[in-house]
Each structure stands twice: as C-alpha cells, then as structure tokens.
Amino acid sequence: MEIRVRYAPSPTGLQHIGGIRTALFNYLFARSRGGKMILRLEDTDRARYDERFVANLYDAFSWLGIHWDEGPDRGGPFGPYVQSERFDIYKKYALELVNQNRAYYCFCSSERLEALRSGREKSRSSESGYDRLCRGIRAEEAAGRAAKEPCTIRLKIPLGESTRFHDSLLGDVEWKNDDVNPDPVLIKSDGFPTYHLANVVDDHLMEISHVLRAQEWLSSTPLHAILYASFGWEAPLFCHLPMVMGQDGKKLSKRHGAAGIDEFRRRGYLSEALINYVALLGASYKEGKDVYTIEELAEYFSLEKLNKAPAVFDYKKLQWYNEQYLRMKNDAELAGLCLEAAGTELFGEGGPSADEKAAFTAAMPLIRERISFPAEAAEKLRYLFADPPLPEAAEFIPKKSDLKTAAELLRTGREITPALAEAENDEKAETLIKEEAEKRGVKPGDLMMPLRVALTGARVSPPLFGSIRILGAEKAGSRIDRALELLERS
Ligand code: GLU
C-alpha cells in the first residue's frame with residue numbers, strides 16, 4: 001500500500017504547537033515509510049476564515065523546514081487541495097447518497113432546530129441533537145421540495161447497528177450508531193459542505209492511507225466510519241494522537257506560555273530545537289538519546305513508538321534543546337542569529353561595521369555556552385563594544401584584601417596585558433597569569449579579579465582571556481588605566 005498522509009488544517013487560527021505536532025508526525029511517518037505527505041486546506045468555515053492564517057501557515061512551515069509533497073502551493077495529481085475549490089465535488093457525492101437513500105433532505109427551519117436545542121437543554125433530555133423529523137418524508141416529495149425550498153442534506157445514520165474502526169494507538173473502537181450525532185448535516189442550506197463530508201470525501205479521493213490527527217477528533221471518527229461505509233469506501237487507518245497538555249494537566253494554551261509558532265520564533269527558539277522537542281511529545285525513540293536531527297527522527301519514527309498518555313509540554317526542556325542547538329552552531333552562524341535578534345541594541349539601525357562584526361563573531365566562543373536565546377548575546381557582550389561604566393573602587397578588591405593591594409594587582413595585570421592579548425589561546429594566557437602570580441606570591445584568581453572588573457565592568461563576566469584578545473592590548477590598556485586612576489584617587 002502506498003503511504004499517503006495529510007495535514008488538513010482549517011485556516012481559522014494561527015499555527016500552534018498542537019498543529020505543528022500533528023503535521024510533524026505525519027511528515028515523519030511519510031518519510032519513515034517512503035510515502036507522501038499532503039497539505040489540504042479545510043477552509044469550509046468561511047466565517048472564521050482569514051487569509052492571514054493561510055500566510056501564517058506557510059510561513060511557520062517554511063521556517064520549520066517541513067515540506068509536503070502535494071498541496072495548494074505545490075500542486076499534485078489529486079488537486080485542488082483547497083476545499084473551497086471543491087464544493088461541486090462534495091455536492092455530487094452528497095446527492096449520490098440521497099439517491100441511494102443513505103442521506104435525505106431536511107427542511108427544518110433554523111428556528112425549529114434552535115427550539116429543539118433549547119427545549120432539550122431545559123429538560124436535560126439525554127437525547128441531543130436533531131429529532132430526525134425529515135427522515136420520514138418520502139423521497140419523491142423531498143426531491144420536489146428541495147428544488148424550491150431551502151434545505152440541508154443529512155446523513156441517514158443506520159440505526160440499531162454498531163460501527164467499528166481501528167485506531168493504531170487505541171485499538172478497536174466500537175460505537176453504537178444510535179449514540180452517534182443523530183443524522184448530521186452533510187451539506188448546509190447555503191450549499192457548503194460540513195467538515196465531516198468534505199474531510200471524508202477528500203481523504204478518499206486523495207487516497208489517504210493513514211489519518212494521524214489530534215485526539216480531539218476522535219469523537220468525529222465513528223461518524224466518519226459510518227460515512228465511509230455509506231459510500232461503500234474503505235476507511236483509512238486511524239491514529240489519534242494524544243493531547244498536548246500544560247504542566248497543570250490542562251490543554252496547552254496561551255496561559256502556559258508561548259503557544260503560537262510565531263511567538264516561539266520571536267522569543268528566539270530555533271526551529272531545530274522546536275522540531276526535536278515536539279517530535280518527542282508523546283513518542284519515545286531511543287533510550288538515553290535526546291538530540292535528533294530531522295533525518296534521524298524520520299528514520300526512527302513509527303506508530304508503535306507513540307505513547308497513549310497525554311504529552312506534557314515542558315518549556316524548560318524546550319529551552320534545554322535551544323541551548324543544545326545554539327551550541328552546535330559555528331561562530332559565523334551563531335553571530336548571524338545573535339545579530340539578527342538584537343544587533344541593533346549594540347550597533348544601532350545601521351548594524352555593525354566590518355571590524356565590529358568580526359569582533360562580535362570572534363566573541364561567540366565566550367557566550368556560546370552561556371545563552372539560552374540569541375537575543376541574550378547583545379547584553380552579555382556589550383562591554384566589548386563600549387567602555388562599561390566604571391564600578392566603585394570597592395568592586396576591585398579581592399576577598400580578604402584591600403584597596404592598596406587591589407591597585408598593585410591591577411598594575412601587574414596592566415604590565416602583562418599586551419602579552420595576554422597576544423597569547424595564542426586560553427592555556428597560554430593562563431600559564432602567563434600563573435607565572436606572574438607565583439612571582440608576586442599572590443593567587444592567580446586574585447590577580448585576575450581586578451583585571452576583570454577593569455575590563456568588563458563586573459566581577460562576573462564572560463571568560464577573561466578571550467575578552468582581552470578581542471579587546472586588544474590598546475583598548476584593554478586604556479580601560480585599565482582608567483580604573484587605576486580611580487583606585488589611586490580612592
Ligand atoms: N480541519 C481539521 C482541523 O482543523 C482537520 C481534522 C482532521 O485531521 O481530520 O484540524
């Protein structure tokens with residue numbers, strides 16, 4: 001069997017984690033089985049449709065690097081892939097069901113349906129939904145009226161029977177037809193299809209082999225199974241993916257933090273981190289392995305590796321992934337990301353000069369392990385590009401020491417700064433400091449402390465030796481002189 005799966009979003013909202021997870025699992029499943037992934041826009045709900053959501057969809061997936069094989073933007077042999085361009089098809093299939101007496105016209109007014117609904121709510125009747133009034137109208141009479149009166153088409157649910165379908169995660173699911181939504185509408189009075197009809201017709205015509213979708217659609221599946229049977233079609237295999245929850249056990253939403261993909265992106269999450277983390281939401285691959293490329297994920301993915309239990313979204317774990325992926329970037333890549341995120345904070349709208357960009361890139365090893373998001377780099381490296389404010393004299397004093405000693409230590413530091421700036425690497429610089437400290441009978445740490453404060457403006461900073469190399473002997477020297485003046489004055 002050819003594996004064909006689809007992601008079928010309704011463009012009625014922004015892409016969020018749940019949707020991305022569904023799309024990603026479909027994508028990985030297709031890749032893992034040499035199959036095809038299809039994008040289908042289910043835009044039948046015209047009232048909630050917004051072009052902005054379509055743009056957001058394309059934007060989110062191109063950023064994530066998830067590509068489909070067939071879809072509205074790529075075309076393919078089963079198009080069109082936008083439901084609003086397929087209305088004639090749904091109509092034709094609905095009429096076919098009417099002709100076979102498996103569906104019927106309903107002439108009930110919206111007032112009647114409303115009264116039915118509110119009456120049932122009031123009496124708390126266990127029966128919900130439509131009372132099947134028009135099911136009893138004779139076919140010829142109904143056809144005559146349908147030509148003149150506004151009407152809908154409803155599915156004639158076969159009563160007194162059960163419907164079964166198989167879910168690869170939940171096993172066999174059986175449902176009494178009498179408990180399914182009574183005779184749901186397939187074609188609305190304005191001629192538009194409902195989600196159920198369009199979804200089933202398209203999955204069949206597009207030869208979808210597996211439907212992987214969120215568990216919130218599980219309650220629609222018995223009805224879909226009945227529809228497949230009514231058409232005499234074989235249903236695809238289903239797999240309803242466990243829900244994604246916040247840490248409080250409630251469905252993931254804005255309350256928990258970023259939920260929209262745009263927002264994750266704005267906050268500085270990398271697409272690789274998001275893909276990697278979301279791929280593990282509700283799935284486990286290899287014991288003891290956390291970091292996977294998308295190619296590895298595609299290789300390891302299988303429906304057997306999915307968990308039944310709801311997945312809990314952990315922002316801390318996602319941040320951990322972000323840190324891991326930032327660490328895998330080379331200097332130029334990381335500098336590019338950091339400048340894009342917050343370059344203007346350091347270099348203004350005009351961006352860095354070529355020298356500044358080179359220095360910024362050379363500074364990446366100083367912060368690579370110290371940031372969780374690219375935007376944090378600017379603040380951490382500000383001291384390299386503008387003289388930091390001079391701290392108070394007390395800040396220069398090592399523990400259990402005094403101002404005079406601090407000044408002496410800094411003078412020593414001043415002397416070896418040109419050599420430190422020239423040192424090929426950190427080990428060489430460290431040897432220099434150690435030798436000098438030993439000569440003067442002081443601790444290497446005490447020698448470094450005033451130097452660090454003079455150069456970076458703080459007692460805690462990115463690595464000192466790298467900072468001196470990037471600042472260069474001249475700039476470092478003048479910062480030390482400025483600090484020495486302060487200490488001598490104090
Ligand atoms: N259009 C539905 C949605 O918005 C698709 C559900 C399904 O995958 O069948 O999620």
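Just so you know, ligand 1 is whichever comes first in the structure, and atom 1 is the first atom listed for that ligand.
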| task | Ignoring hydrogens and angles, tell me if any N or O in the side chain of Asn56 forms a donor-acceptor pair with the backbone of Gln15 under 3.5 Å. | result | yes
| query | Do the ring centers of His224 and Tyr195 come within less than 6.0 Å of each other? | reply | yes
| How would you list, by chain and number, every residue that makes a side-chain contact (heavy atoms from CB on, under 4.5 Å) with Cys151, sequence neighbours excluded? | Tyr105, Phe107, Ala146
| request: Applying ring-ring contact (aromatic ring centres under 6.0 Å, His included), name anything that partners Tyr27, two or more places apart in sequence or on another chain. | output: none
| request: Check whether the ring centres of Tyr277 and Tyr269 lie less than 6.0 Å apart, and answer yes or no. | output: no
| task | Kindly tell me which protein residues have any non-hydrogen atom under 4.0 angstrom away from an atom of ligand 1, grouped by chain and ordered by number? | result | Arg6, Ala8, Ser10, Glu42, Tyr195, Asn199, Arg213, Trp217
| request: Tell me, please, which residues at least two apart from Glu161 pass side-chain hydrogen bond (donor to acceptor under 3.5 Å, both in side chains). | output: none
